[in-house]
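Whatever order the structure lists them in is the order used to number ligands and atoms, beginning at 1.
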Amino acid sequence: MVRIGLAMLQGARHEHIEALHGAAMELGLSVEVVELRRGDQVDHDLAALVLPGGESTAMRKASESEALLPAIYAWMDEHQTRPVLGTCAGAILLASPDGDRTPYIAASIARNAWGRQRQSFEAEVDVNLPVPEAHTEGQHNADVDRFNHRPLPVSQTAPSLDSSRYPGVFIRAPRFETSGVQCETVARLDEEPVGVLDGKRLALTFHPELTTDRRFHRWLLAEADRIGSEEP
Ligand code: GLN
């Protein structure tokens with residue numbers, strides 16, 4: 001059983017829960033998604049974390065009462081080799097953490113930097129990240145969940161046969177500053193970095209939880225599963 005912590009700060013959370021369960025099914029792993037709302041829930045048994053997209057300013061504010069973000073940053077300081085997936089606003093929280101913390105991804109990022117017409121768009125992205133293949137097809141559950149929340153319609157774009165292509169959904173996305181990327185680029189839009197990997201921290205400026213191609217969630221689960229077998 002792989003335990004994954006999901007920051008329930010604000011924004012696109014339920015879609016990540018679906019994507020994690022779907023990816024676990026594709027890999028034949030069992031997963032427990034721990035919904036993190038308070039700092040004291042961020043425990044040492046979590047094998048990985050997901051920081052979803054949304055509005056990073058609202059996330060920082062939402063965190064204040066329950067001290068969730070400081071606990072997440074403390075967890076990352078303590079567990080440097082455990083995988084973390086930050087999408088969109090989550091990528092902003094990794095690249096520009098609060099206060100005088102050192103960035104968790106060596107890449108500078110600018111919020112809402114696509115300009116007005118292109119604030120939200122879909123575009124094919126080139127991915128270069130080794131990911132375990134899906135054994136079986138995961139299901140997508142579009143029913144209302146226990147919060148009476150219906151997940152956003154997921155783009156049904158079939159994963160293209162060329163496995164380096166990925167359907168990127170960009171929603172008022174931030175932009176990495178190309179000259180400020182000091183770690184590995186694993187996803188590009190044309191030549192521009194839109195996904196970077198620093199150690200085991202993966203920051204994407206698009207929303208992988210809004211497509212049925214769950215390779216980034218499979219990456220996280222596979223890395224988390226490996227940690228479980230390697231750490232004492
Ligand atoms: N514009 C948001 C921010 O600056 C990020 C958007 C997103 O997560 N889709 O925090």
Side-chain angles (χ1 to χ4, degrees), residues 4-20 33 35-37 48-66 68-70 72-73 76 84-99 101 103-105 107-125 127 147 149-155 157 166-178 180-181 186-189 192-198 201-217 219-220:
I4 311 286
L6 174 68
M8 300 298 280
L9 286 164
Q10 183 264 344
R13 296 150 291 176
H14 302 92
E15 294 78 8
H16 273 291
I17 298 177
E18 287 299 327
L20 286 166
V33 181
E35 298 176 16
L36 305 172
R37 293 190 169 76
L49 291 182
V50 177
L51 308 181
E55 190 57 51
S56 54
T57 313
M59 290 180 173
R60 294 187 209 269
K61 287 216 175 75
S63 160
E64 277 166 18
S65 62
E66 303 292 352
L68 181 53
L69 264 181
I72 284 172
Y73 289 134
M76 289 196 280
V84 179
L85 171 63
T87 58
C88 209
I92 298 172
L93 296 176
L94 289 174
S96 338
D98 289 336
R101 288 188 179 84
Y104 290 88
I105 290 274
S108 43
I109 203 164
R111 295 182 60 203
N112 303 332
W114 284 99
R116 286 179 113 182
Q117 290 82 353
R118 301 200 76 198
Q119 276 175 345
S120 303
F121 58 96
E122 288 186 38
E124 279 218 331
V125 162
V127 178
F147 304 102
H149 169 103
R150 191 181 296 279
L152 282 178
V154 171
S155 164
T157 320
Y166 188 88
V169 180
F170 294 81
I171 304 174
R172 281 177 59 79
R175 263 178 124 154
F176 290 114
E177 284 147 19
T178 307
V181 174
V186 296
R188 285 190 172 78
L189 176 61
E192 176 169 335
V194 291
V196 303
L197 180 67
D198 191 342
R201 293 173 192 140
L202 178 60
L204 310 175
T205 59
F206 50 95
H207 285 261
E209 76 286 6
L210 299 182
T211 75
T212 47
D213 182 332
R214 301 194 180 87
R215 78 180 78 172
F216 296 103
H217 293 84
W219 173 85
L220 187 81

- Taking atom types as modelled, is there a side-chain donor on R111 or T57 under 3.5 Å from an acceptor on the other? yes

- Note on the structure: By ring-ring contact (aromatic ring centres under 6.0 Å, His included), H207 pairs with (sequence neighbours left out) none

- Which residues satisfy the side-chain hydrogen bond (donor to acceptor under 3.5 Å, both in side chains) test with S108, sequence neighbours excluded? E177

- Query: Exactly which residues line ligand 1, taking a heavy atom under 4.0 Å from it as the test?
  - Reply: G53, G54, E55, S56, C88, A89, I92, R111, N112, I171, R172, H207

- Message: Do L189 and F170 have side chains that approach each other closer than 4.5 Å (heavy atoms only, starting at C-beta)?
- Response: yes

- Message: Any heavy-atom pair between the side chains of E209 and V169 that's under 4.5 Å?
- Response: no

- Query: Which residues satisfy the ring-ring contact (aromatic ring centres under 6.0 Å, His included) test with Y104, sequence neighbours excluded?
  - Reply: Y73

